[in-house]
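What follows is a short report on a single structure.
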2 protein chains.
Amino acid sequence: MMPRHTTPDLDATDRRILTILQRDARIPNTELADEIGLTPAPTLRRVRRLEEEGVIHRYVALLDPKLVNRDLMVMVRVTLDKQTKQGFEDFADKMRARPEVLECYLCLGDTDYLLKVCVADLDAYQNFLVEVLAAIPGVRNTDSTIIVKQEKYTTSLPLD
Amino acid sequence: MMPRHTTPDLDATDRRILTILQRDARIPNTELADEIGLTPAPTLRRVRRLEEEGVIHRYVALLDPKLVNRDLMVMVRVTLDKQTKQGFEDFADKMRARPEVLECYLCLGDTDYLLKVCVADLDAYQNFLVEVLAAIPGVRNTDSTIIVKQEKYTTSLPLD
DNA sequence: GTTGAAAGATGTGCGCC
DNA sequence: GGCGCACATCTTTCAAC
């Protein structure tokens, strides 16, 4: 496997493959080959290479949050009290362990961490704030922004 | 197809299927069947039903942003000037048309919209701010939070 | 990158509990 | 109503070119 710090060269065909797989991870290789104008064998070789290089990180199913009763999304800005390396790592570890925390970002500016949290309803969110966030030593302040409507959601990175 | 406003009943087997597919969308049906303790035929029927009901919204490949040179992520808080229905819809439409805007949320509170933007570097981001956001009439204010490190990123919704 | 052939996965019909 | 079996179909995968 190529070391992950080396940026692989992606030609136009690779980028077309990636764009299609970002839209539909389950497209049969035969159909993918058709769309990019190659035969199945080299197409599959390219896909396998992109997987091994880590360009394709994983294949996932996206669910409808409403239909699985996880409809409340909240963005939380968190500032920590003592800004030590250990304090930051502890916080990030705790967020990784919480399934309702979908995303956790270390940020520049006033905010230390940004969280995207997904729960069933406001009761569940209040519970998260009180029992999880507030229970972490070193959390100085949190600011929750309730999401009313998802106008756009995509995981597709634009490729030049 | 079941109307999408009807919440389908998900039993424990359905939830196990969904949890696995959220992790690995390309698992062979035979293997999925093994993991949940059914034979392939009823397993596949359940997966198809979950797809038709819309519980499974789509299957996608997730890429490594670094390896495709889309490494700068920014969260942008946007407030609009004139808070008319048309103004909001126009803004959301423009965000949907921009490939570097991965997510766009209508929010409660001081912020009207939250954006997650993914670009190659600060130059590209400045270009987005000036040429795209600032060019939209009705945008009163924007506040950008640069993401330094992605501590956690998952698309998996926790299922009870 | 192409062809062709073997191995394996998907998907359907039907009987059963 | 959902499960399991068996069979036909299509896809993946690996040669050799």
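Naming convention: chains lettered A, B, ... in sequence-line order (proteins, then strands); numbering from 1 in each chain. Values below: all heavy atoms of this structure, side chains included; hydrogens, waters and symmetry mates excluded.
- The aromatic ring centres of B:Phe91 and B:Tyr113 sit less than 6.0 Å apart.
- B:Lys116 has its side chain within reach of A:Glu103: a pair of non-hydrogen atoms, C-beta onward, lies under 4.5 Å apart.
- Going from atom CD1 of A:Ile27 over to atom C1' of D:dC10 covers 15 Å, rounded to whole Å.
- As rounded to whole Å, 17 Å separates atom P of D:dT13 from atom CG of A:Leu38.
- B:Pro42 comes within 4.0 angstrom of a base, heavy atoms only.
- Checked for salt-bridge contact, B:Asp64 and B:Arg70 miss the test: no charged N lies under 4.0 Å from a carboxylate O.
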**Request:** Please lay out, stage by stage, how B:Thr145 and A:Tyr105 fare under the test side-chain hydrogen bond (donor to acceptor under 3.5 Å, both in side chains).
**Result:** CA-CA 10 Å; B:Thr145 302; A:Tyr105 300 105; over 6 Å; no
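- Residues A:Thr155 and B:Thr155 have side chains in contact (heavy-atom distance under 4.5 Å, counting atoms from C-beta outward).
- The nearest whole Å value for the distance from the CG atom in B:Leu44 to the P atom in D:dC3 is 12 Å.
- Cluster membership for A:Leu44 and B:Tyr59, using ILVMFWY side-chain heavy atoms within less than 4.5 angstrom, is not shared.
- Looking at heavy-atom distances under 4.0 Å, B:Arg26 makes no contact with the nucleic acid at all.
- The CG atom of A:Leu32 sits 13 Å away from the P atom of D:dT13 (whole-angstrom rounding).
- We find that CG of B:Asn29 is positioned 13 Å from C1' of D:dG4, with the value rounded to whole Å.
- For DNA chain D, the stems formed by at least three consecutive Watson-Crick or G-U pairs, with both atom-pair distances below 3.5 Å, span C:1-17 with D:1-17.
- Ion pairing between a basic and an acidic side chain is recognised when a charged N comes within 4.0 Å of a carboxylate O; B:Arg46 and B:Asp14 show such pairing.
- For B:Arg45 against D:dG4, a side-chain N or O and a base N or O form a donor-acceptor pair under 3.5 Å.
- Tested against B:Arg49 for a salt bridge (charged side-chain N to carboxylate O under 4.0 Å, His left out), the candidates B:Glu51, B:Glu52, B:Glu53 yield a single pass: B:Glu53.
- More than 12 heavy atoms of other shown residues, nucleotides or ligands fall within 6.0 angstrom of atom CG in B:Asp143.
- What separates CG of B:Asp34 from P of D:dG4 is a distance of 12 Å, to the nearest Å.
- If you walk DNA chain C from 5' to 3' and mark each nucleotide with an atom closer than 4.0 Å to a heavy atom of chain A, the marks span C:dG1 to C:dT3.
- Side-chain N/O atoms of A:Arg48 include none lying less than 4.0 angstrom from OP1 or OP2 on D:dT12.
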